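The structure appears right after this line, and notes come after that.
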Amino acid sequence: MSINDLLKADDITKALDAFKAAESFDHKKFFQMIGLKSKSSDDVKKVFKILDQDASGFIEEDELKHVLKGFDKAGRDLSDKETKTFLKAADKDGDGMIGMDEFATLVAEL
């Protein structure tokens with residue numbers, strides 16, 4: 001399964017363009033722009049599995065830095081500051097990783 005099976009490629013491209021500049025990433029706006037908020041819980045979990053590149057069941061800080069490339073290879077890497085801000089928003093249990101439930105909660109909070 002690819003990300004384009006779940007989300008519209010045009011929406012992803014527009015969202016990536018909106019956050020091209022360094023230090024401009026806002027996960028809430030990004031997830032809204034790509035239509036993730038309106039997806040079912042199952043679809044959000046499928047997106048999580050795609051972003052969890054090592055299939056560990058968690059999105060670790062290193063994977064999070066490259067999260068935009070999980071939506072499209074043309075996506076940029078997040079800065080260290082953006083990565084830490086995103087991780088802090090999602091990591092509810094403080095283990096330094098984002099689990100599937102934490103990801104689903106983050107999307108639902110938008």
Side-chain angles (χ1 to χ4, degrees):
M1 173 160 300
S2 94
I3 205 84
N4 290 326
D5 293 330
L6 300 165
L7 302 167
K8 295 178 185 173
D10 190 47
D11 289 344
I12 292 170
T13 299
K14 287 178 186 174
L16 289 174
D17 285 346
F19 298 106
K20 269 187 178 176
E23 307 302 336
S24 67
F25 184 71
D26 179 318
H27 65 274
K28 291 180 182 181
K29 289 180 184 176
F30 182 79
F31 289 155
Q32 287 173 334
M33 291 178 76
I34 63 172
L36 193 56
K37 171 83 172 144
S38 64
K39 295 296 179 183
S40 70
S41 174
D42 284 346
D43 283 348
V44 170
K45 289 177 181 180
K46 289 174 186 173
V47 170
F48 175 88
K49 288 180 181 180
I50 292 168
L51 298 177
D52 176 19
Q53 295 180 353
D54 64 2
S56 67
F58 297 94
I59 299 174
E60 293 88 2
E61 190 169 343
D62 187 53
E63 288 174 316
L64 195 57
K65 184 173 188 70
H66 309 293
V67 73
L68 296 181
K69 290 183 178 174
F71 290 96
D72 188 301
K73 290 180 184 186
R76 69 173 176 87
D77 287 342
L78 297 181
S79 70
D80 288 344
K81 181 180 176 184
E82 289 170 316
T83 302
K84 291 193 184 307
T85 300
F86 192 0
L87 184 61
K88 185 177 178 182
D91 182 21
K92 303 298 184 193
D93 63 9
D95 64 359
M97 303 178 288
I98 301 170
M100 186 180 292
D101 290 339
E102 290 172 319
F103 184 77
T105 299
L106 182 72
V107 171
E109 287 176 351
L110 301 179

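Not measured: the values here are computed from a predicted model.
- Phe58 and Val107 fall into different hydrophobic clusters, where Ile, Leu, Val, Met, Phe, Trp and Tyr are joined by side-chain heavy atoms under 4.5 Å apart, directly or via other members.
- Other residues, nucleotides and ligands contribute at most 12 non-hydrogen atoms within 6.0 Å of the NZ atom of Lys8.
- In summary, the side chains of Glu109 and Thr105 do not present any donor paired with an acceptor at a separation below 3.5 Å, with no hydrogens or angles considered.
- Nearest heavy-atom pair across Ala90 and Ile98 is CB-CD1, 3.5 Å.
- We find that Lys20 and Asp17 are joined by a salt bridge, their nearest charged nitrogen and carboxylate oxygen being less than 4.0 Å apart.
- Under a 3.5 Å cut-off, the side chain of Arg76 and the backbone N or O of Leu68 do not form any donor-acceptor pair.
- In this structure, Phe31 has its ring center under 6.0 Å from that of Phe103.
- Within the 3.5 Å criterion, the main-chain N or O of Ser2 finds a donor-acceptor partner in the side chain of Asp5.
- Residues Ile34 and Ala15 approach most closely at CG2-CB, 3.6 Å, considering heavy atoms.
- Checked by atom type, the side-chain pair Asp54/Ser56 shows a donor-acceptor distance below 3.5 Å.
- Put simply, the side chain of Ile12 reaches to within 4.5 Å of the side chain of Asn4, judged on heavy atoms.
- Under the 4.5 Å side-chain criterion, counting only non-hydrogen atoms from C-beta, Glu61 is not in contact with Met97.
- Checked for salt-bridge contact, Asp80 and Lys65 meet the test: a charged N lies under 4.0 Å from a carboxylate O.
- Taking CD from Glu60 and OG1 from Thr83, the interatomic distance works out to 13.0 Å, rounded to the nearest 0.5 Å.
- To the nearest 0.5 Å, atoms CE (Met1) and CD1 (Ile50) are separated by 7.0 Å.
- Distance check: Lys49 NZ to Ile3 CD1 gives 13.0 Å after rounding to the nearest 0.5 Å.
- Between Leu36 and Val47 there is a side-chain heavy-atom pair separated by less than 4.5 Å.
- When all heavy atoms of Glu102 and Asp91 are compared, the pair lying nearest together is OE2-OD1, 3.4 Å.
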message: What verdict does the side-chain contact (heavy atoms from CB on, under 4.5 Å) test give for His27 and Leu106, after you've listed the backbone C-alpha separation in whole Å, the side-chain angles of each residue and the deciding distance to 0.1 Å?
response: CA-CA 9 Å; His27 65 274; Leu106 182 72; 3.5 Å; yes
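- Remark: side-chain polar atoms of Lys92 are paired, donor with acceptor, to backbone N or O of Ala89 under 3.5 angstrom.
- In this structure, the side chains of Val44 and Ser41 stay at 4.5 Å or more apart for every pair of heavy atoms.
- Taken to the nearest 0.5 Å, the CG atom of Asp11 stands 12.5 Å off from the CD atom of Gln32.
- In summary, Asp10 and Lys14 engage in a salt bridge, as defined by a charged side-chain N under 4.0 Å from a carboxylate O.
- Considering CG of Asp62 and CD of Gln53, their distance stands at 9.0 Å, rounded to 0.5 Å.
- Minimum interatomic distance between Leu7 and Phe71 (heavy atoms only, all atoms of both residues): CD1-CE2, 3.9 Å.
- Note on ring orientation: taking the six-membered ring where Trp is involved, the planes of Phe25 and Phe30 are tilted (angle from 30° to 60°).
- Side chains of Glu82 and Thr85: a donor-acceptor N/O pair is absent below 3.5 angstrom, by distance only.
- For the pair Ser24 and Ala18, the tightest heavy-atom approach, listed with the atom from each and the gap, is OG-O, 4.4 Å.
- By the neighbour-count criterion of 12 heavy atoms within 6.0 Å, atom CG of Asp95 is densely surrounded, having more than that number from other residues, nucleotides or ligands.
- Rounded to the nearest 0.5 angstrom, Leu51 CG and Met100 CE are separated by 10.5 Å.
- Salt-bridge formation is not detected for the pair Lys69/Glu63: no Lys NZ or Arg NE/NH1/NH2 atom is positioned less than 4.0 Å from an Asp or Glu carboxylate oxygen.
- Between the side chain of Asp52 and the main chain of Gly57, a donor-acceptor pair closer than 3.5 Å is present.
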